[in-house]
Amino acid sequence: GAVVSQHPSRVICKSGTSVKIECRSLDFQATTMFWYRQFPKQSLMLMATSNEGSKATYEQGVEKDKFLINHASLTLSTLTVTSAHPEDSSFYICSARYLGDYGYTFGSGTRLTVV
Amino acid sequence: TQLLEQSPQFLSIQEGENLTVYCNSSSVFSSLQWYRQEPGEGPVLLVTVVTGGEVKKLKRLTFQFGDARKDSSLHITAAQPGDTGLYLCAGALGGNYQLIWGAGTKLIIKP
């Protein structure tokens with residue numbers, strides 16, 4: 001149980017375009033989801049906390065207008081990278097807290113490459 | 001600033017050897033989790049420790065939570081090539097559900 005499905009797993013886009021990444025909780029309701037960015041060989045960096053039905057909370061240094069987060073239902077959160085640039089290329093991962101296990105379940109990640 | 005210092009950051013050992021990874025902080029955590037991550041995948045939860053002094057075993061992996069709930073260790077006995085991966089510790093401060101992440105330990109087990 002406690003599966004989070006993240007799509008797409010890989011995406012290549014042109015500079016200036018926007019990319020949407022979806023995260024769905026398949027067998028539980030996720031009132032809160034977390035969006036992370038991970039650089040090669042490094043740990044996870046929290047970008048924002050997504051709350052169902054309300055505005056996301058962004059970490060310091062993360063541009064709200066560039067990384068749009070929508071959490072419209074208890075099972076779906078989306079991250080849209082707007083006007084993508086090559087420096088936005090990274091591995092993006094979502095997660096949700098699984099209340100029954102004191103743990104967090106993670107999506108499989110999205111490798112974004114902006115060319 | 002809440003920090004979780006994880007060491008070593010890189011470890012390469014021969015199959016059959018033992019190893020220990022440490023996570024230390026000045027913060028008290030309500031729980032601490034250990035994850036393993038494969039390249040191109042999201043982290044997978046290995047264990048959660050909640051009680052100070054708690055010890056949990058998962059086959060050849062032994063996890064310990066410090067008495068003061070500020071530190072934790074992961075010990076692997078007789079490491080196998082299949083143990084290769086990135087190991088991450090993450091502490092929960094409670095309430096807001098956010099995790100404080102260690103820098104990760106890249107573990108390579110050579111056959």
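All chains are named by letter (A, B, ...) in the order of the sequence lines, taking the proteins before the strands, and each is independently numbered beginning at 1.
- The distance from atom CG of B/L88 to atom CD of A/Q38, rounded to the nearest 0.5 Å, is 7.0 Å.
- With a threshold of 4.5 angstrom between heavy atoms, B/Q37 approaches chain A through side-chain atoms but not through N, CA, C or O.
- A ring-centre distance under 6.0 Å is found for A/F106 and B/Y35.
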Next on the checklist: Assess the residue pair A/Y104 and B/L99 against the criterion (side-chain contact (heavy atoms from CB on, under 4.5 Å)); give the C-alpha distance rounded to whole Å, side-chain angles, the decisive distance to 0.1 Å, and a yes or no.
Outcome noted: CA-CA 9 Å; A/Y104 293 70; B/L99 293 176; 3.3 Å; yes

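- Heavy atoms of A/L44 lying under 4.5 Å from chain B belong to its backbone as well as its side chain.
- Hydrophobic clustering of Ile, Leu, Val, Met, Phe, Trp and Tyr side chains at less than 4.5 Å, counting indirect connections, keeps A/M45 apart from A/F34.
- In terms of hydrophobic clustering, with Ile, Leu, Val, Met, Phe, Trp and Tyr side chains grouped at heavy-atom distances under 4.5 Å, B/L46 and B/I109 are assigned to a common cluster.
- When the side chains of ILVMFWY residues are joined at heavy-atom separations under 4.5 Å, either directly or via intervening members, B/L32 and B/Y22 end up in two distinct hydrophobic clusters.
- Separating the OG atom in A/S43 from the CD atom in B/Q9 is a distance of 9.5 Å, to the nearest 0.5 Å.
- A/M33 and A/F91 fall into different hydrophobic clusters, defined by Ile, Leu, Val, Met, Phe, Trp and Tyr side-chain heavy atoms under 4.5 Å apart, directly or through other members.
- Criterion: ILVMFWY side-chain heavy atoms under 4.5 Å apart, direct or through other members. Under it, A/L46 and B/L45 are part of a common hydrophobic cluster.
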